[in-house]
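Contents: one structure, followed by commentary.
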Amino acid sequence: MKNLKDILSQVTILQLFGQTNVAVNALVFDSRKIVQNDIFVAQRGGSVDGHAYVSKAISLGATVIVCETLPEEIHKKITYVQVEDANISLAVMAANYYQHPSKKLRLIGITGTNGKTTVASLLYQLFQKAGFKVGLLSTVKILVDKTAYKATHTTPDSVTINQYLDQMVEAGVEFCFMEVSSHGIHQKRTAGLTFAGGIFTNLSHDHLDYHETFAEYRNVKKQFFDALPKSAFALTNIDDKNGNFMLQNTNANKKTYALKTVADFKSKIIEKQLSGTLISVGGTEVWTKLIGVFNIYNLTAIIATAELLGLERLEILTIVSQLESVSGRFEYVISSDGITAIVDYAHTPDALKNVLETINDIRTGAEKVYTVVGCGGDRDKTKRPKMAHIASQLSSQAIFTSDNPRTENPQSILDEMEMGVSPENYNKTLTVLNRKQAIKTACTFAKTGDIILIAGKGHENYQEIDGVRTHFDDLEEVQDCFNQLKTN
């Protein structure tokens with residue numbers, strides 16, 4: 001049990017009814033999970049308003065209600081705390097509840113459209129190989145030292161974040177690397193956390209179903225850097241046109257990285273192969289298993305972060321050569337007759353363009369490139385024709401298929417994608433509604449030396465159709481296709 005007064009420290013309270021010097025149990029924002037003596041925080045969501053469940057929460061045993069609008073009926077035995085912003089209040093209360101675990105380790109946040117998972121995951125790998133106990137909060141998984149937990153959101157809710165950070169502190173973790181999404185920033189999930197550093201990777205078209213305009217999306221990302229303390233560092237990709245914008249109002253120590261521009265940390269690509277890349281960092285050459293210009297940006301951010309956190313350059317580069325690519329990020333398998341299949345999470349126009357340009361840059365020119373790609377349902381519709389245009393423009397053959405249709409009609413999504421195909425590329429496109437069949441079709445078309453890109457889902461091991469998730473793994477599917485072709 002905790003004392004409510006301690007949990008409410010630094011929370012901006014508009015009105016208070018009842019006692020604060022009382023013992024409480026858990027901090028809950030889902031009324032279905034309430035048990036006796038819990039605090040219920042009523043949040044306003046896009047489709048659900050927690051204020052509608054205040055009575056239910058009380059009937060289940062909640063003794064404290066935190067809300068933006070007080071209910072008409074006030075119970076004498078219940079403490080009501082009216083706040084201006086329930087999201088911020090929940091985040092501050094969560095930090096208080098777990099006694100500010102983010103202050104007891106070094107928490108680094110990574111934000112940007114693409115590269116968040118790669119940067120966070122490889123930093124976890126690097127620091128673990130350097131002998132530290134490390135934590136990871138990512139899209140792919142959550143790691144408390146070496147114990148793995150399933151991730152459900154890129155940036156979890158504020159209670160979950162603090163709960164895992166508390167576990168990390170108990171486990172002796174010294175560094176935690178955390179993906180910070182625009183949704184997480186906008187919904188104040190990171191409020192109340194103390195970051196030792198922030199990294200900006202890049203900014204391109206994404207999540208405009210949520211943010212509505214690119215300017216709003218960009219400004220939300222900037223809020224993360226605006227909130228960094230003076231003791232932290234703010235590391236930005238200066239080659240990105242929004243890189244400097246992110247640092248305009250931060251109090252943190254400003255640092256830059258780049259491949260093209262003069263920067264505090266700079267890398268240069270020497271040689272590119274399908275098996276990896278030779279780069280030069282500050283005059284020292286190092287071989288990395290990572291492939292593509294976009295990944296060398298990620299790697300430069302990783303090297304810069306490690307130095308800013310106190311590791312020596314030589315040790316960093318030694319470990320960099322050992323780092324393995326992240327699940328579903330340019331992950332490839334080669335068939336017995338020499339067909340290469342690449343599975344990548346590329347689900348934005350910029351990410352898809354980066355991956356295809358990387359493939360075209362590495363191949364000799366004789367090989368054909370078959371791209372299997374779709375777009376998610378109930379998400380930003382404006383990127384659908386752009387994704388199709390890029391796939392058809394940069395591939396020998398583009399096969400449009402279902403991604404996660406969710407509650408949308410899969411065919412309608414594909415129709416919207418096809419609108420982006422230029423007339424000169426019509427004969428290079430094919431639509432196969434069933435994703436399994438689309439992958440099989442690409443495998444059937446491909447010959448020795450050809451490359452198949454399966455984009456959009458990456459590490460995901462499910463497909464969501466009509467709101468129902470069933471097991472589906474792109475890598476498993478293409479491996480099955482290769483095995484079938486081998487036996488035929």
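Side chains included, hydrogens not; waters and symmetry mates left out as well; all remaining heavy atoms used.
Note that the OG1 atom of Thr139 and the CD atom of Glu179 stand 3.5 Å from one another [nearest 0.5 Å]. Of the inter-residue distances, the one linking Leu323 atom CG with Leu299 atom CG reads 7.0 Å to the nearest 0.5 angstrom. Rounded to the nearest 0.5 Å, atoms OG1 (Thr300) and NZ (Lys268) are 13.5 Å apart. Rounding to the nearest 0.5 Å gives a distance of 11.5 Å between OG1 of Thr250 and NZ of Lys230. Put simply, CG on Leu165 and OG on Ser102 are 6.5 Å apart, with the number rounded to the nearest 0.5 Å. Distance check, rounded to the nearest 0.5 Å: OG of Ser158 to CD1 of Ile88 gives 11.0 Å.
Tested against Asn404, the residues Gln463, Arg379, Lys457 include a single side chain to side chain donor-acceptor pair (under 3.5 Å) partner, Lys457. Of the candidates Ile303, Thr256, Val281, Leu308, Phe265 forms a side chain to side chain contact (heavy atoms under 4.5 Å, CB included) with just one, namely Leu308.
Counting heavy atoms from C-beta on, the side chains of Thr79 and Ile65 never come closer than 4.5 Å. Considering only heavy atoms from C-beta on, Ile390 comes within 4.5 Å of Leu356 through its side chain. No side-chain heavy atom of Asn251 sits under 4.5 Å from any side-chain heavy atom of Leu228. Side-chain contact between Thr12 and Ser89 is absent, with no heavy-atom pair separated by less than 4.5 Å. By the 4.5 Å heavy-atom criterion applied to side chains, Gln36 and Asn25 are not counted as neighbours. Side chains of Asn162 and Leu193 form a contact here, defined as non-hydrogen atoms less than 4.5 Å apart.
No side-chain N or O of Ser9 forms a donor-acceptor pair with one of Asp6 less than 3.5 Å apart. Side chain to side chain, Arg329 and Thr117 meet the donor-acceptor criterion of an N or O pair below 3.5 Å. A side-chain donor-acceptor contact under 3.5 Å links Thr348 and Asn114. Side chains of Thr277 and Lys272: no donor on one and acceptor on the other come within 3.5 Å. Checked by atom type, the side-chain pair Thr113/Tyr217 shows a donor-acceptor distance below 3.5 Å. A donor atom on one side chain and an acceptor atom on the other are found under 3.5 Å apart for Asn87 and Gln43. At a cut-off of 3.5 Å, with distance as the only test, no side-chain donor of Gln479 or Glu477 sits close to an acceptor on the other residue. Side-chain atoms of Thr69 and Arg44 include a donor-acceptor pair closer than 3.5 Å.
In this structure, His347 has its ring center under 6.0 Å from that of Tyr345. Taking the ring centroids of Phe195 and Phe224, they lie under the 6.0 Å cut-off. Taking the centre of each ring, Tyr462 and His471 stay at or above the 6.0 Å mark.
In this structure Lys222 satisfies the side-chain contact (heavy atoms from CB on, under 4.5 Å) test together with Asp226, Phe245, Met246, Gln248, Asn249, sequence neighbours excluded. Every residue meeting the side-chain hydrogen bond (donor to acceptor under 3.5 Å, both in side chains) condition with Gln15, not counting sequence neighbours, appears here in chain and number order: Gln82.
Counting non-hydrogen atoms of other residues, nucleotides and ligands closer than 6.0 Å to CD of Gln10 gives a total of 12 or fewer. By the neighbour-count criterion of 12 heavy atoms within 6.0 Å, atom CD of Glu84 is sparsely surrounded, having that number or fewer from other residues, nucleotides or ligands. Counting non-hydrogen atoms of neighbouring residues, nucleotides and ligands closer than 6.0 angstrom, the CG atom of Leu314 reaches no more than 12 such neighbours. Atom CD of Glu312 sits in a sparse spot, with 12 or fewer heavy atoms from other residues, nucleotides or ligands closer than 6.0 Å. Remark: Lys141 NZ is loosely packed, at most 12 non-hydrogen atoms of other residues, nucleotides or ligands lying under 6.0 Å away.
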* Asked: Under the side-chain hydrogen bond (donor to acceptor under 3.5 Å, both in side chains) criterion, do Lys221 and Ser182 qualify, and how do the steps go?
  -> CA-CA 6 Å; Lys221 292 284 189 185; Ser182 59; 4.7 Å; no

* Decide yes or no on side chain to side chain contact (heavy atoms under 4.5 Å, CB included) for Ile199 and Leu123, but give the supporting numbers first. => CA-CA 12 Å; Ile199 304 166; Leu123 277 167; 4.0 Å; yes

* To do: Show your working on side chain to side chain contact (heavy atoms under 4.5 Å, CB included) between Met387 and Val373 and close with a plain yes or no.
  => CA-CA 8 Å; Met387 296 278 283; Val373 65; 4.2 Å; yes

* Does the pair Thr63 and Asp38 meet the rule for a side chain to side chain contact (heavy atoms under 4.5 Å, CB included), with working shown? -> CA-CA 6 Å; Thr63 52; Asp38 278 351; over 6 Å; no

* Under the side chain to side chain contact (heavy atoms under 4.5 Å, CB included) criterion, do Tyr257 and Thr305 qualify, and how do the steps go? -> CA-CA 10 Å; Tyr257 69 96; Thr305 301; over 6 Å; no

* **Evaluation steps, salt bridge (charged side-chain N to carboxylate O under 4.0 Å, His left out), between Lys260 and Asp239** => CA-CA 6 Å; Lys260 303 172 185 175; Asp239 282 347; 5.7 Å; no

* To do: Would you please test Tyr98 and Gln167 for side-chain hydrogen bond (donor to acceptor under 3.5 Å, both in side chains) and show each step?
  => CA-CA 10 Å; Tyr98 289 100; Gln167 287 185 38; over 6 Å; no

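Note that Lys2 lies in the cation-pi zone of Tyr97, set by a 6.0 Å cut-off to the ring centre and a 45° limit from the axis. For the pair Lys56 and Phe40, the cation does not sit on the ring face, since its NZ or CZ is not both under 6.0 Å from the ring centre and inside 45° of the axis.
Across all their heavy atoms, Ile291 and Tyr332 have their closest contact at CD1-CE2, 4.0 Å. In plain terms, the two heavy atoms of Met178 and Thr190 that are nearest each other are CE-CG2, 3.8 Å. Ala42 and Ala86 make their closest contact through O-CB, 3.3 Å (heavy atoms, listed as atom of the first residue, atom of the second, distance). Between Thr371 and Ala391 the shortest heavy-atom distance is CG2-CB, 4.2 Å. The two residues Val326 and Val140 make their nearest non-hydrogen contact at CG1-CG2, 4.5 Å. Heavy-atom minimum distance, Ile142 versus Lys150: CD1-O, 4.2 Å.
Evaluation of the salt bridge (charged side-chain N to carboxylate O under 4.0 Å, His left out) test over residues 273-297, restricted to residues two or more places apart or in two chains, returns Lys289-Glu324.
Ion pairing between Asp474 and Arg435 holds under the 4.0 Å rule for side-chain N and carboxylate O. Between Glu464 and Arg469 there is a salt bridge, since at least one side-chain N of the basic residue sits less than 4.0 Å from a carboxylate O of the acidic one.
Phe177 and Phe127 have tilted rings, their planes meeting at an angle from 30° to 60° on a 0 to 90° scale. Phe200 and Phe225 have perpendicular rings, their planes meeting at more than 60° on a 0 to 90° scale where under 30° would count as parallel.
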